[in-house]
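Structure first, then comments.
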Amino acid sequence: MGKVILDDVTKRYADVTAVDNMNLDIEDGEFVTLVGPSGCGKSTTLETIAGLTMPTSGTITIAERDVTNLPPKDRGIAMVFQNIALFPHMDVYDNISFGLRLRDYPKEEIDRRVERASDIVQLEGMLDRMPDEMSGGQRQRVAIARAIVREPEVFLMDEPLANLDAKLRVHMRTELQRLHKELDTTIIYVTHDQAEAMTMSDRIAIIDGGELQQIDPPLVCYNEPQNLFVAGFIGSPSMNFVEGEVTASGLTTPDFDVDFDITQMSGVTEGDHLTLGVRPEDVYLREMSEGVANPTQPIPAQTDVLEPMGDEIFVYLLTGDAADVQMDIEGETAEAPQNQLLMSIDPSSDIESDESVEVVLDRERVHLFDTETGDAISHSLEFAAVEPSATETEAEGDD
Amino acid sequence: MGKVILDDVTKRYADVTAVDNMNLDIEDGEFVTLVGPSGCGKSTTLETIAGLTMPTSGTITIAERDVTNLPPKDRGIAMVFQNIALFPHMDVYDNISFGLRLRDYPKEEIDRRVERASDIVQLEGMLDRMPDEMSGGQRQRVAIARAIVREPEVFLMDEPLANLDAKLRVHMRTELQRLHKELDTTIIYVTHDQAEAMTMSDRIAIIDGGELQQIDPPLVCYNEPQNLFVAGFIGSPSMNFVEGEVTASGLTTPDFDVDFDITQMSGVTEGDHLTLGVRPEDVYLREMSEGVANPTQPIPAQTDVLEPMGDEIFVYLLTGDAADVQMDIEGETAEAPQNQLLMSIDPSSDIESDESVEVVLDRERVHLFDTETGDAISHSLEFAAVEPSATETEAEGDD
Amino acid sequence: IGGGDPESADTSGTVGNVDNQGQKTTLQWATDPDFQGATWNKELQPILYNNGLSKDIEVNVLAGPSVTDNRRAQYQQWLSAGRSKPDILYMDSGWTIPFVVRNQLMNLSQAGNFPKSRIQRVENQYFDASVSTAKGPNGDLYAVPLFPDFPTMQYNQNYLKSAGFGQSDFDKWATDSMTWQKFSQVTKQAMNSNDVQYGYTFQASAYEGLSCCDFNEFMSSWGGAYFGNPEKYLFGPVGDRPITVDEQQVINAIKMVRTFIHGSNANNTLNKYQGNIAPAAVMQWTEEPSRKPFTNGDAIMHRNWPYAINISGSEENLGKDLGVMPIPYAKTPKQAKYPMTGGPVAALGGWHNAVNPNSNNKEAAVEVLKAMMSDEFKYKLFEVLGFLPPEPKLLTTNRAKEVPVMGRYLESLRVAGENAIPRPVTPVWPAESSKIAQQVNGAFSKGGKPKQAMTQLKAQLEAIESSA
Amino acid sequence: MSTTDEGVRESKRSGPYVAAVRWMENLSDTQFAYLLLTPVLLLLGLIAFWPLLSTFRMSLFADNLVGSEALGEFVGLQNYVALLTGERDALLVRPFFDPATPFKSALTVTLIFTVTSVFFETVVGFGQALVLDQDFRGRRWIRVAIIIPWAVPIVIQGMIFFLLFQPNIGFLVDPLQNLGIFSETPLSNSVDSLIILIVADVWKTSAFMALIILAGLQSVDRSLYDVGRVAGATKYQQFRMITLPLVLPSVLVAMLFRTIGAMRIYGLIETVVGCNTVPSLSCLVVTTFRGSRMYGTSAAIAFITAGLIGIVVSVYIVKYADTETGG
Amino acid sequence: MATETDSNQGAFSRWADSAIQNPGKVYRAMFYVAMLFFLFTTLFPFYWLLVLALTPNEAITSFGFPPVPHGFNPEAFVNVFTTVPFHIYMFNSFVLGIATTAIVLVLASLAGYVFGRLEFPGKGPLMLLILAVSYFPPAAFIIPLFRLFTGNVSLLGVSSPNLFNTPFAMILPFSALFMPLSIFILSTFYGQIPDGLEDAARIEGTTRLGALFRVIMPLSAPGVATAGVLTFISVYNEFFFSFLMTSGEAQSWAPIVWGILSYQGQYTQLYNLMAAASIVGVLPVAILVVVAQEKIVSGLTAGALKE
Ligand SMILES: Nc1ncnc2c1ncn2[C@@H]1O[C@H](COP(=O)(O)OP(=O)(O)OP(=O)(O)O)[C@@H](O)[C@H]1O
Ligand SMILES: Nc1ncnc2c1ncn2[C@@H]1O[C@H](COP(=O)(O)OP(=O)(O)OP(=O)(O)O)[C@@H](O)[C@H]1O
Ligand SMILES: [Mg+2]
Ligand SMILES: [Mg+2]
């Protein structure tokens with residue numbers, strides 16, 4: 001019943017296009033997470049679905065009804081707002097029960113539901129507090145409880161766990177998933193927490209600049225990002241990108257080369273500018289790469305900063321010429337500078353900073369993107385260099 | 001100059017003690033992160049330091065001055081508020097420059113600083129927006145910029161990155177760290193993001209129920225948590241806890257035993273109730289445990305749910321009797337139920353759910369806590385079982 | 001709180017004395033806005049200089065509120081606070097006495113430069129009624145009447161002509177008006193022979209104007225009085241005088257008015273009078289609302305002050321068709337029970353000038369009052385502002401008759417002036433006045449009971465009198 | 001530069017200003033509160049409390065109608081006693097309290113007027129505020145239209161209604177009389193006049209209510225309505241559960257001051273019908289004060305009036321304190 | 001006829017149907033009905049005033065319904081100024097109004113802040129004490145104040161300054177008497193501003209007072225503007241002190257009521273001039289007030305209250 005369809009939805013403010021021609025097709029009972037950089041239009045998308053903002057164009061369908069012009073109250077939704085927005089004049093009980101009281105539920109039913117919801121968000125015993133007597137996280141939990149007591153067809157949640165600590169967040173995730181199953185509702189969820197997105201969603205929708213970039217199950221997004229943006233956005237720390245040029249023998253970057261059979265790769269010709277992408281966990285110290293079935297040639301590098309994270313260590317590597325230069329921290333963007341490579345390794349390794357090392361990449365997990373358009377070309381170099389097999393037989397075995 | 005000392009600070013509201021006898025001694029230029037569950041008193045602590053809340057008792061010293069009774073403006077602090085608190089009637093530029101304008105900085109200086117700050121938070125070109133025309137994350141960035149233009153002696157930041165996406169958050173972290181170095185300021189930082197706490201802080205202060213539990217460098221907190229609370233709180237996913245009883249040969253839990261030389265362990269006698277703690281990444285499939293120098297005996301278990309996270313997989317294991325029971329998701333708390341064990345493994349392993357496996361724990365990373373008091377007793381069983389060395393010579397080698 | 005000090009007898013003062021100083025003395029005269037500007041500076045003040053006022057004395061007009069209550073409130077405020085300005089106060093004859101009684105005005109009889117002869121001239125030649133409201137209980141003069149005001153019965157000759165009356169009737173009525181009975185017949189007759197909205201319009205709203213004036217006239221013309229013999233008791237002694245509002249002639253006066261309004265079929269009316277000649281609206285009318293229909297030709301008879309003659313008698317309104325006669329009467333003076341009652345009585349209005357006892361220029365102020373007593377000033381006032389001269393004899397001169405509009409009706413006005421009756425003003429009059437207005441207005445209304453109302457009123461007045 | 005920068009700046013400004021600011025900032029809440037209240041209390045002390053005390057003193061003296069002194073001898077509370085027992089009614093324009101003629105005794109007239117007019121003003125003012133709170137073209141002009149009556153001076157307000165109900169001038173007397181609503185001379189009839197006064201007052205002062213309530217409406221955080229809408233609240237429910245509780249403090253302030261204002265009604269009465277027809281408590285004060293110079297009585301009535309107002313408004317105070325504490 | 005009602009019914013029921021489907025329409029319709037109702041009721045008496053102004057004074061009789069001016073006499077609007085210097089009265093009122101409003105807003109802001117945002121012993125009684133000032137009829141103040149302002153009160157041998165006929169004799173009482181209302185309005189509004197914003201301002205370096213004037217006051221703009229407007233108009237309309245604290249001449253700072261009163265004679269009232277004068281005096285003020293209020297509100301809060 002809770003199928004949500006956005007058809008060419010656009011929302012423009014005076015000088016900003018917050019949502020740009022968005023098409024989403026969310027199945028009944030699906031859990032879809034919207035992710036994207038700050039200001040990309042996630043909240044606006046939720047607001048248009050909720051009916052709080054009228055889209056500039058496009059239609060919205062919920063449960064097979066065109067709701068584009070329906071007021072929020074007739075759309076069968078509940079929402080957790082990013083800015084929390086508790087009623088300052090009501091205590092926690094009244095805030096949570098607001099939607100139920102509106103519908104004249106019997107007192108016992110309200111009590112029952114409020115109690116259950118406040119249990120879920122662990123606010124038992126705080127029902128008579130006023131919002132301004134609570135901590136940030138407590139307020140956010142009230143907001144969640146206010147939404148879940150409603151048991152609607154569609155839940156919209158805008159960063160509902162942003163202010164909760166890790167443990168509570170894990171708990172809430174489980175609870176939300178359980179609720180999702182139990183009520184069989186559709187949930188559209190906004191989060192900036194990758195773990196959340198990865199673990200909870202049936203599909204993740206990645207949005208940038210108001211435009212939908214990819215909508216796919218979490219591991220598909222992680223392993224087969226459709227373009228540079230998605231690749232860089234999903235995964236933390238972010239994927240390493242190295243720009244290079246296609247030569248007959250593979251890809252040449254300023255600092256190192258990666259060889260592969262370019263004939264095996266459709267749409268790639270010599271001289272193309274491609275970007276190589278590899279995730280930190282797919283970069284290995286040469287001596288620890290036994291587990292890697294198909295490594296690249298060793299790449300000489302120098303370790304720079306080490307960030308121990310407890311269960312792993314992030315190693316910033318400087319490759320090529322830059323190995324002499326100190327890490328450039330004036331960088332304007334969050335992307336690693338051209339000649340820097342991030343590697344994630346086991347905390348048991350006894351690597352030090354400013355050490356010369358050799359690293360390899362896991363060919364099976366190297367991605368290639370068109371530098372110009374950003375579109376993904378390949379998500380593996382595995383077959384390309386080793387066994388010139390199948391598909392294109394006119395291949396020129398150059399190596 | 002920015003030494004911050006809290007001396008026996010207590011803050012009581014009508015029926016809640018938000019901060020309970022807090023003693024903190026923060027060095028000049030130090031970066032200290034406060035973490036703790038929602039509602040534990042982090043924000044209240046910051047507010048008392050800022051002078052927004054008068055502590056019920058105790059004194060606060062900043063830069064060697066007793067500021068307990070000084071107004072906020074004379075404490076040389078800047079603060080990012082958890083609830084953001086932008087001035088709704090001012091545009092971004094005015095919000096950011098508010099503190100500077102108050103101090104009659106020359107126009108050019110203000111412009112320069114605002115520009116720099118807005119660069120750092122990536123809000124260039126938005127200076128004339130009003131707060132209500134911005135997304136949640138954008139607002140939060142304005143709040144950060146408002147604090148950093150001030151370049152004060154002490155920064156207080158209350159979950160300043162909660163509403164930012166992962167990439168921006170990484171960027172902001174770097175920027176804040178750079179700023180921290182550059183300005184040589186003291187930063188007191190509240191976050192619920194473990195990665196943030198781990199990577200940025202010189203020390204982490206863990207608070208629970210208004211009381212300080214431990215304040216130590218990140219890895220110390222991670223590796224040597226002083227009590228059950230800290231152990232469970234730090235690290236995500238959380239440490240596995242198994243309650244057991246000390247026997248002559250080690251610890252016996254309902255599902256498995258871990259042997260060690262109890263004589264090597266001061267303060268432990270047979271019959272004590274201890275809790276064993278082990279982090280998911282220190283649980284290994286027996287066949288993949290080559291790298292573990294000192295494993296425990298194999299523990300039979302059954303895999304339950306698998307959570308692929310991209311760079312690792314969380315495997316929920318059921319041990320002992322419970323191996324037949326389905327995972328109990330009705331659990332009231334976030335802690336794993338007694339007979340469940342979480343393991344984190346490499347994504348390359350081809351493990352399936354409902355498989356029978358054997359796992360081992362890394363002895364060097366097994367923690368023991370007094371079940372009653374929660375205090376840590378040991379952070380390693382390494383020496384205890386293998387080489388009865390040093391310290392206590394009256395040990396009764398029982399095995 | 002400052003009061004008047006009798007030490008004002010600054011005997012040596014003469015005009016010359018002021019003159020010798022060679023200094024300009026500027027006096028402030030609180031008065032009506034009508035006097036402002038060119039009226040004063042160009043037309044009136046020069047007359048003063050022509051009549052003996054030293055050029056060193058300049059009089060500035062301080063225009064206050066024209067609404068009499070407001071002016072009284074101002075003076076009460078100023079005099080209680082002992083202000084020395086304004087020097088000369090323009091005062092309603094209706095409330096001068098309380099100020100006198102409270103010693104808040106300068107005693108002119110004791111002023112050095114206000115000789116006995118002047119006082120005698122005021123006492124002998126001015127309208128008696130006016131003078132009586134400017135004197136204290138001891139008979140001393142505290143104010144000099146500037147102009148008097150007497151209501152008259154004004155009528156529209158057109159309607160009476162078509163009812164068969166003619167110029168000769170009009171001429172006769174001008175000085176020798178008619179009885180109320182005749183009046184009601186005349187009005188009724190004219191109403192029957194004309195298509196006109198109202199017969200007789202007057203003022204019977206529950207306000208000061210009813211007790212001081214309209215009803216005072218009805219009652220006095222019936223020979224009734226509020227406090228017995230007006231010659232003895234008009235201005236007191238409060239608490240020690242009879243209260244005679246429940247006498248039959250007073251009740252009859254009310255019944256007569258009830259007849260005018262409700263017709264003789266209603267309760268408590270008089271049979272011999274024609275009824276339904278006055279609209280019920282009179283019960284909420286004050287001067288202006290009652291005048292408008294008359295000026296516009298929608299009424300036959302209208303009782304009002306001389307200002308209304310000026311308006312209704314102007315060319316654009318009734319012009320020469322305006323007739324004026326003294327107020328009708330029920331009893332002749334002979335038939336009337338008390339002296340000063342009966343006949344064409346007219347309620348006294350008008351204004352005096354008095355000197356602020358705290359003034360720093362009392363002498364000069366007296367000089368100004370003296371110059372204002374000159375005939376020329378009085379004529380000029382009449383010509384410029386339409387204010388009647390306070391002396392009957394000036395109303396008969398040719399100069400007065402040449403004044404447009406009003407000049408035509410001087411005879412009627414003189415008769416009215418000679419039959420004028422002041423309101424019984426004492427310090428308790430404001431309280432009494434509102435009780436009277438309430439009871440009379442109530443008694444006029446449809447279900448009113450005159451006898452009962454007057455009995456009640458008597459009790460109320462007794463209470464007031466005894467409490468003072 | 002960096003860290004010491006602010007310090008330098010702070011110390012550059014020095015002297016008495018900084019000292020004063022520092023001193024003020026260090027005051028406790030209570031001290032600070034009293035410091036900020038000082039100017040108000042000084043002004044009120046001189047311009048309000050001192051005169052009131054002095055007037056209160058006056059109320060303890062007998063009237064002196066005749067002499068040059070404004071007041072008679074000291075009589076203690078006798079004026080109050082005389083007024084409250086009705087002994088002084090004779091000297092008042094109408095009795096202070098006379099249950100037999102509720103429309104002709106000051107206390108009852110005042111209470112009837114107050115209750116009715118405040119009720120209608122609240123309803124109308126709230127309605128106006130709700131209309132003005134909408135976004136529509138020309139809202140500014142509608143706002144002018146609604147404010148206009150409030151800007152009309154009382155004298156003119158009085159004149160408007162006085163003329164409307166004058167038989168030969170206004171046009172309302174005949175139709176209303178034919179409908180049997182009013183008598184043929186409404187302005188000489190206490191009941192009719194009171195109704196006219198209430199209408200006149202509602203006409204003028206609803207705008208006062210509307211302005212205050214409108215300000216309250218404008219201050220409501222709009223995002224709360226979003227929550228309400230998503231939660232399924234109808235317009236009416238949003239009004240009842242969000243708008244109303246949030247503007248309640250403003251509404252109470254408006255009602256509080258209108259009640260006080262209504263209980264002091266005078267000018268309008270004076271200009272439309274006069275105190276003889278519709279006597280209010282203030283009528284008694286003013287007539288005794290201006291007309292007869294009964295200063296003692298007048299002062300005593302003023303204090304009794306104030307006391308009555310105090311009793312009536314305590315209802316609001318209790319309610320207001322409730323909303324203040326968030327209850 | 002029958003068909004007409006039929007089609008009327010048809011139209012109505014069509015409307016009703018669509019209204020049921022789209023309750024927004026009903027609200028819209030209700031809104032317009034309400035707006036028209038309020039417009040009519042507030043403007044009708046004002047229209048009556050205009051009719052009176054345009055009718056020559058002598059022709060002000062027997063109006064029918066709807067009233068239309070008898071004759072057309074716009075000169076009244078000129079005579080208003082030639083008869084008395086009405087513009088000076090208006091100017092005086094403006095000055096008095098603005099000065100009073102300024103004083104009231106500043107002082108009431110301080111008090112409003114105290115009562116709205118601070119807790120301290122004595123708060124309740126003090127509020128009641130201040131409120132009690134407005135319980136008294138103006139007459140209760142006048143005698144002592146008049147003595148004070150005419151230099152008749154002396155303290156320690158220094159007598160009070162003579163303020164009669166100066167603006168101060170009115171501004172001071174106005175300020176005191178209109179103060180309680182503004183204090184209550186402002187404390188209500190100031191009390192509703194979230195603590196977080198004041199905190200943020202103080203962290204940024206304002207003093208408590210600085211936070212009041214830079215953040216709390218601007219954010220309460222609708223309340224501040226309302227308090228200001230109410231005070232200004234109250235002054236503009238005040239009668240008692242305006243009347244007794246000046247001798248009434250335009251050059252003695254007499255305000256607009258004096259101007260209007262001067263069209264009243266002993267018996268006559270120039271209704272047409274009074275009406276014209278009040279239109280001249282009121283309309284610009286109402287417009288000014290609305291424009292100013294909008295400017296104040298939007299200027300102080302900028303986009304804050306937009307949807
Ligand atoms: N004004 C108040 N009155 C009563 N209790 C309060 C008040 N403010 C805070 N508290 C309580 O004090 C405790 C500490 O609150 P605080 O805001 O410091 O928590 P926190 O650690 O910042 O939590 P979070 O991570 O959720 O923001 C909470 O339990 C909260 O409910
Ligand atoms: N009222 C408005 N006027 C103008 N621009 C707006 C308005 N509201 C939002 N925007 C802009 O629209 C874009 C999308 O905003 P939105 O709130 O949907 O972002 P978001 O994806 O939720 O970001 P965040 O993660 O920071 O919350 C932003 O660039 C924002 O600045
Ligand atoms: Mg958002
Ligand atoms: Mg917090």
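So that the names make sense, note that chain A is the first sequence line, chain B the second, and so on, each numbered from 1.
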Quick one: are the ring centres of E/F240 and D/Y266 less than 6.0 Å apart?
-> no
Evaluation steps, side chain to side chain contact (heavy atoms under 4.5 Å, CB included), between E/F120 and D/Y34 | CA-CA 9 Å; E/F120 59 96; D/Y34 281 91; 3.6 Å; yes
Could you look at D/I317 and say if it's the side chain, the backbone, both or neither that has a heavy atom under 4.5 Å from chain E?
-> side chain
Sub-3.5 Å donor-acceptor pair from the side chain of D/W150 to the main-chain atoms of E/I233, do we have one?
-> no
Measure distances from D/S282 to the heavy atoms of chain E and classify the residue's part below 4.5 Å as side chain, backbone, both or neither.
-> side chain
Identify whether NZ of Lys or CZ of Arg in E/R208 sits under 6.0 Å from the centre of the six-membered ring of D/F32 and within 45° of that ring's axis.
-> yes
Part of E/I256 within contact of chain D (heavy atom distance under 4.5 Å) = neither
Could you walk me through whether D/R140 and E/I287 pass the side chain to side chain contact (heavy atoms under 4.5 Å, CB included) test, one step at a time?
-> CA-CA 9 Å; D/R140 162 181 304 183; E/I287 292 174; over 6 Å; no
Tell me whether the centres of the aromatic rings in D/F171 and E/W48 are closer together than 6.0 Å.
-> yes
Per the side chain to side chain contact (heavy atoms under 4.5 Å, CB included) rule, which among E/L126, E/L110, E/L107 passes with D/L37?
-> E/L126
Toward chain D, the part of E/S134 with a non-hydrogen atom under 4.5 Å = both
Using the side chain to side chain contact (heavy atoms under 4.5 Å, CB included) rule, take D/Q166 and E/F63 through it: C-alpha gap first, then chi angles, then the decisive distance, then the call.
-> CA-CA 10 Å; D/Q166 276 306 325; E/F63 286 97; over 6 Å; no
Could you check D/F162 against E/Y271 for side chain to side chain contact (heavy atoms under 4.5 Å, CB included), going step by step and ending with a plain yes or no?
-> CA-CA 11 Å; D/F162 174 76; E/Y271 292 133; 3.5 Å; yes
Just by distance, do the side chain of D/T55 and the backbone of E/A140 share a donor-acceptor pair under 3.5 Å?
-> yes
Would you mind checking which part of E/S175 comes under 4.5 Å of any heavy atom in chain D, side chain (CB onward), backbone (N, CA, C, O), both or neither?
-> both
Separation between CD of D/Q218 and OG1 of E/T226, rounded to the nearest 0.5 Å = 7.0 Å
Toward chain E, the part of D/V285 with a non-hydrogen atom under 4.5 Å | side chain
Applying a strict 4.5 Å limit to non-hydrogen atoms, the region of E/M274 in contact with chain D is both
Portion of D/A145 that has a non-hydrogen atom of chain E nearer than 4.5 angstrom | both
So, the part of E/L39 with a heavy atom under 4.5 Å from chain D: the answer is side chain
Check each atom of D/M24 against the heavy atoms of chain E and say whether the ones under 4.5 Å are side chain, backbone, both or neither.
-> both
D/D29/E/R117 salt bridge by N-O under 4.0 Å criterion | no
Tell me, for D/L164 versus chain E, whether the close heavy atoms (under 4.5 Å) come from the side chain, the backbone, both or neither.
-> both
Closest heavy-atom pair and its distance - E/Q192, D/P249 | NE2-CG, 3.9 Å
Proximity of E/F136 and D/F303 rings by center, below 6.0 Å | yes
Are any non-hydrogen side-chain atoms of E/L148 and D/W50 less than 4.5 angstrom apart?
-> yes
Select one option (side chain, backbone, both, neither) describing which atoms of D/F49 are under 4.5 Å from chain E's heavy atoms.
-> side chain
Are any side-chain N or O atoms of D/R290 and backbone N or O atoms of E/A139, one a donor and one an acceptor, separated by less than 3.5 Å?
-> no
